[in-house]
Amino acid sequence: CDLRADLRAHKNGAAVVAGALEEYLGLDQGCELGDRHGILRSLISLGHSAVEQGNYPDARVLLEEALAISRELDDWLEIAETLYHLGTVAYFQGDYLAANARLEQSLAIRRERGFRHGIAATLTALGLVAHDKRDYPNAQTLLKEALAIQRELGDRRSISESLEGFAAVAFALTGPEPAARIWGRA
């Protein structure tokens with residue numbers, strides 16, 4: 001499919017990580033078979049790999065294509081996940097306006113569907129965006145809601161991430177001692 005040529009043009013050979021080639025081969029096979037769901041999952045995996053490498057331009061291209069396919073398939077779970085990842089890419093690139101917009105879109109879908117894990121993850125990401133924008137009251141509100149959901153779900157790893165966000169807010173507002181206490185709990 002045409003997508004293969006587009007992705008080859010964007011691939012940074014030095015940025016390929018272990019497993020990315022296998023995902024790409026899965027994408028190649030999906031194109032040959034016309035498997036739109038398989039192509040979608042491969043694009044998301046490749047996009048996530050690019051994010052992990054810090055290759056945000058390629059991640060954005062891959063995830064934008066994944067978003068288009070997920071919308072074509074009307075797959076709400078993948079639409080929300082892809083919007084979330086696009087929001088984190090924008091965040092890592094310092095584009096807080098785009099990050100906030102993508103994450104808010106993801107959150108709206110996840111709230112509408114009652115996807116609690118996704119809601120909590122998106123609230124945490126929005127809290128980090130608010131922190132970096134120095135909107136500390138909003139950051140606290142978002143992280144507090146995320147933490148409440150994570151505690152209900154018993155999601156210890158995510159609780160730790162939210163507590164780290166709280167610690168960063170505490171450091172910005174009150175200094176190192178309160179932040180250290182929170183970091184100690186994370």
Side-chain angles (χ1 to χ4, degrees), residues 1-130 132-133 138 142 145-146 149 155 158 161:
C1 57
D2 294 336
L3 181 60
R4 289 181 289 188
D6 291 343
L7 294 178
R8 284 187 185 113
H10 287 281
K11 290 299 291 174
N12 177 352
V16 176
V17 295
L21 180 58
E22 291 165 19
E23 290 295 333
Y24 184 75
L25 293 173
L27 175 63
D28 202 42
Q29 183 179 20
C31 286
E32 289 174 10
L33 298 175
D35 176 10
R36 302 299 280 167
H37 281 95
I39 292 168
L40 174 61
R41 292 306 311 153
S42 293
L43 286 167
I44 292 171
S45 293
L46 284 167
H48 184 71
S49 293
V51 169
E52 293 294 315
Q53 301 165 48
N55 185 352
Y56 305 123
D58 282 359
R60 195 177 125 285
V61 168
L62 292 159
L63 292 168
E64 288 287 354
E65 183 64 32
L67 181 59
I69 293 171
S70 63
R71 285 183 170 151
E72 171 191 313
L73 296 172
D74 196 30
D75 186 332
W76 72 266
L77 185 63
E78 300 297 1
I79 293 169
E81 179 181 353
T82 305
L83 286 166
Y84 172 85
H85 289 302
L86 283 165
T88 60
V89 167
Y91 171 76
F92 290 136
Q93 291 182 306
D95 185 350
Y96 302 134
L97 187 62
N100 205 67
R102 295 297 189 153
L103 291 167
E104 286 288 351
Q105 291 172 341
S106 177
L107 181 61
I109 294 167
R110 289 171 166 181
R111 282 192 193 280
E112 179 183 318
R113 300 298 183 139
F115 181 42
R116 307 281 290 158
H117 282 282
I119 293 167
T122 308
L123 287 166
T124 300
L126 283 164
L128 298 176
V129 172
D132 285 11
K133 290 173 27 182
N138 190 34
L142 292 161
E145 184 181 352
I149 295 169
D155 186 351
S158 295
E161 291 171 6

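- Counting heavy atoms from C-beta on, the side chains of Leu43 and Leu63 never come closer than 4.5 Å.
- To the nearest 0.5 angstrom, Arg113 atom CZ is 12.0 Å from Ile119 atom CD1.
- Residue pairs meeting the side chain to side chain donor-acceptor pair (under 3.5 Å) criterion with at least one partner in residues 117-127, sequence neighbours excluded, are Arg110-Thr122, Thr124-Gln150, Thr124-Ser162.
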Give the table of side-chain donor-acceptor pairs shorter than 3.5 Å for residues 99-106, with sequence neighbours excluded, one pair per line with atom names and distance.
unit_1 : atom_1 : unit_2 : atom_2 : d
Arg102 : NH2    : Glu64  : OE2    : 2.9
Ser106 : OG     : Ala80  : O      : 2.8

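- Distance check: Leu62 CG to Leu67 CG gives 12.5 Å after rounding to the nearest 0.5 Å.
- Partners of Leu73 according to the side chain to side chain contact (heavy atoms under 4.5 Å, CB included) rule, which considers only residues two or more places apart in sequence or in another chain, are Arg36, His37, Leu40, Ile69, Asp75.
- Under a 3.5 Å cut-off, the side chain of Ser45 and the backbone N or O of Ser42 do not form any donor-acceptor pair.
- Minimum interatomic distance between Ala59 and Gly47 (heavy atoms only, all atoms of both residues): CB-O, 3.6 Å.
- Sorted by first and then second residue, the salt bridge (charged side-chain N to carboxylate O under 4.0 Å, His left out) pairs involving residues 81-93 (not counting sequence neighbours) are Arg41-Glu81.
- In this view, Arg116 and Glu152 satisfy the salt bridge (Lys or Arg N to Asp or Glu O under 4.0 Å) rule, not counting sequence neighbours.
- Between the CD atom of Gln93 and the CZ atom of Arg60 there is a distance of 7.5 Å, given to the nearest 0.5 Å.
- Not counting sequence neighbours, the partners of Arg111 by the salt bridge (Lys or Arg N to Asp or Glu O under 4.0 Å) test are Glu145.
- In this structure, Leu142 and Gly127 approach most closely via the heavy-atom pair CD1-N, 3.7 Å.
- Taken to the nearest 0.5 Å, the CG atom of Leu46 stands 10.5 Å off from the CD1 atom of Ile44.
- Looking at residues two or more places apart in sequence or on another chain, you find a side chain to side chain contact (heavy atoms under 4.5 Å, CB included) between Phe92 and Val51, Tyr56, Thr88.
- Evaluation of the ring pair (Phe, Tyr, Trp, His ring centres under 6.0 Å) test over residues 66-87, restricted to residues two or more places apart or in two chains, returns His48-His85.
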